[in-house]
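Please read the structure below before turning to the comments.
Lettering follows sequence order; numbering is per chain, from 1. What's counted below: heavy atoms across the whole structure, side chains too, no hydrogens, waters or symmetry copies.
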Number of protein chains: 2
Amino acid sequence: MRLTNWTDYSLRVLMYCAASEQREQPATIGEIAEAHGISRSHLTKIVMTLSGLGLLETTRGRGGGLRLLKPAHTIVLGEVVRQTESDFTLVECFDAEHNTCRLDGHCRLKGALREAMDRYLEVLDGVTLADLVAPAASTRGGQRVHFVPGLPRPLDVAVRRSRVSAGGESR
Amino acid sequence: MRLTNWTDYSLRVLMYCAASEQREQPATIGEIAEAHGISRSHLTKIVMTLSGLGLLETTRGRGGGLRLLKPAHTIVLGEVVRQTESDFTLVECFDAEHNTCRLDGHCRLKGALREAMDRYLEVLDGVTLADLVAPAASTRGGQRVHFVPGLPRPLDVAVRRSRVSAGGESR
DNA sequence: TTAAAGGTTCATTTGAAATGAATATATTAA
DNA sequence: TTAATATATTCATTTCAAATGAACCTTTAA
């Protein structure tokens, strides 16, 4: 009864991208891989899947990277999990193909588990990517200042400010 | 996102025992193993666990077997699953020991998943073993007559009847 | 004393998930 | 046109929990 790391990482990628939305540069696979200590190669496949699902936009080449295709508050957790998680065969009898349970059709387990699973996903349907990334601390005070290791640094502002104060170098 | 076969089989054992309650002879491991095409050896371990959980009573020796320790309608599915299922580590960050997620404590995924899991089990807490075994067909008509492959045959009545009509052989 | 039952231990297999390595393709900037 | 940076693809390999199997021990009723 656990989600795959695949799903776990998928969510982290999305969160990273969500937190990168304000930045000028898009997030890159290498960046995220490093932030979470995962292999670039592996993470690439996850990103490709998310891209295939229409959640991410990827752009190749220098200056490329990843961007969310929809605003974070419209990306629903339940939907993501439904799509990244491969196996919802809660017990054997869910898999019509390989089912050998002799009670199939006689017992009410399947119905109960299906109902339970529905409730599970229902909860996740009430959560969006934006909710996940929102700072856990107090809402008042506005701007988030603190640094979160697994997310892009909120330095753009500072950098931009320092650029200005440094006398406007071109880029 | 699936339960282990271990849990699946655990439930089948319990169901078998529940359906055997009326019989004079207790259910046996060999019987259940054969009914479901599982190895005796493997099923024994499952039975021992259920026994350890106080759900089953086992008696050794000839004439021995398995019996539920509590009436079927008091055995709650959620409780069983909570105890037979080994791993509720929905994602990495649930496992304090091995967690490496750098967002730990910053993102709200854990809370959402915990909530979802609670709802899941909540549904199963509303189902008892008796519910699972109850015939799916109409409630009226009383006595179940049909034969269910994975459960003990409801022959006792018929057998007893035939015994009577055969003139009361001793046993 | 034998047959039928549960009980224990150890080794092995299996399969999905996870990972890694190598390489191809696209894009931008100098 | 070349170098650098980024995504994209393919194939092989590793890992680990779960599942299984085999052999043998213990208990009990007939």
Discussion item. When you compare the side chain of A:Leu132 with that of A:Leu14, does any pair of heavy atoms fall below 4.5 Å?
Written reply: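 Not touching, per the 4.5 Å side-chain cut-off.
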
Practice prompt. May I ask you to test the B:Leu77-B:Leu11 pair for a side-chain heavy-atom distance under 4.5 Å?
Written response: yes

Item to complete: Considering just the side-chain nitrogens and oxygens of A:Asn5, establish if one lies under 4.0 Å of OP1 or OP2 belonging to C:dA17.
Response: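 For A:Asn5, the contact criterion (side-chain N or O under 4.0 Å from OP1 or OP2 of C:dA17) is not met.
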
Worksheet entry | Under-4.0 Å side-chain N/O to phosphate OP1/OP2 contact, B:Thr4 with D:dA17 | no

What's the [atom1]-[atom2] distance between [X] and [N], to the nearest Å?
X       : N      : atom1 : atom2 : answer
A:Ile46 : D:dT9  : CD1   : P     : 15 Å
B:Leu43 : C:dA5  : CG    : C1'   : 14 Å
B:Ile38 : D:dA18 : CD1   : P     : 17 Å
B:Glu31 : C:dA4  : CD    : P     : 14 Å
A:Lys45 : C:dA16 : NZ    : C1'   : 14 Å
A:Met48 : D:dA6  : CE    : P     : 16 Å
B:Glu85 : D:dA17 : CD    : P     : 15 Å
A:Arg40 : C:dA22 : CZ    : C1'   : 14 Å

Worksheet item: Can you check side chain to side chain contact (heavy atoms under 4.5 Å, CB included) on B:Thr58 and B:Leu66, steps first, answer last?
Response: CA-CA 5 Å; B:Thr58 65; B:Leu66 319 172; 3.7 Å; yes

Go through [options] for me and flag the one nearest to the [X] side chain.
X       : options               : answer
A:Ile29 : C:dG6, C:dA18, D:dT7  : D:dT7
A:Ser86 : C:dA17, C:dG7, D:dA19 : C:dA17
A:His42 : C:dT19, C:dA5, D:dT20 : C:dT19

Practice prompt. Name all pairs fulfilling the side-chain hydrogen bond (donor to acceptor under 3.5 Å, both in side chains) condition that reach into residues 2-16 of chain B, sequence neighbours left out, sorted by first residue then second.
Written response: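 Every pair satisfying side-chain hydrogen bond (donor to acceptor under 3.5 Å, both in side chains) with a residue in residues 2-16 of chain B: A:Asp87-B:Arg2, A:Glu92-B:Arg12, B:Thr4-B:Thr7, B:Thr4-B:Glu85, B:Thr7-B:Thr84, B:Thr7-B:Glu85, B:Asp8-B:Arg12, B:Arg12-B:His36, B:Tyr16-B:Glu31.
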
Protein and nucleotides 28-30 of chain D: nitrogen or oxygen contacts under 3.5 angstrom:
from: D:dT28; atom 1: O2; to: B:Arg62; atom 2: N; distance (Å): 3.4

Practice prompt. Tell me what A:Thr59 touches on the nucleic acid: a base, only sugar-phosphate, or nothing, going by heavy atoms under 4.0 Å.
Written response: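 If one applies the 4.0 Å heavy-atom cut-off, A:Thr59 turns out to touch the sugar-phosphate alone, with no base involved.
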
Discussion item. Once you apply a heavy-atom cut-off of 4.0 Å, does A:Thr44 come out as touching a base, just sugar-phosphate, or nothing?
Written reply: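 Base, at least one base atom sits under 4.0 Å.
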
Worksheet entry | Residues in side chain to side chain donor-acceptor pair (under 3.5 Å) contact with A:Asp118, at least two apart in sequence or another chain |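 Side chain to side chain donor-acceptor pair (under 3.5 Å) check on A:Asp118 returns nothing, list empty.
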
Worksheet item: Donor-acceptor pair under 3.5 Å: do we get one between B:Ser41's side chain and the base of D:dA22?
Response: yes

Discussion item. Please identify which of these residues, A:Leu55, A:Leu50, A:Leu129, meets the side chain to side chain contact (heavy atoms under 4.5 Å, CB included) condition with A:Leu68.
Written reply: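 The side chain to side chain contact (heavy atoms under 4.5 Å, CB included) with A:Leu68 is passed solely by A:Leu129 among A:Leu55, A:Leu50, A:Leu129.
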
Worksheet item: Roughly how far apart are B:Cys17 SG and B:Glu57 CD, rounded to 0.5 Å?
Response: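 B:Cys17 SG to B:Glu57 CD: 10.5 Å, rounded to 0.5 Å.
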
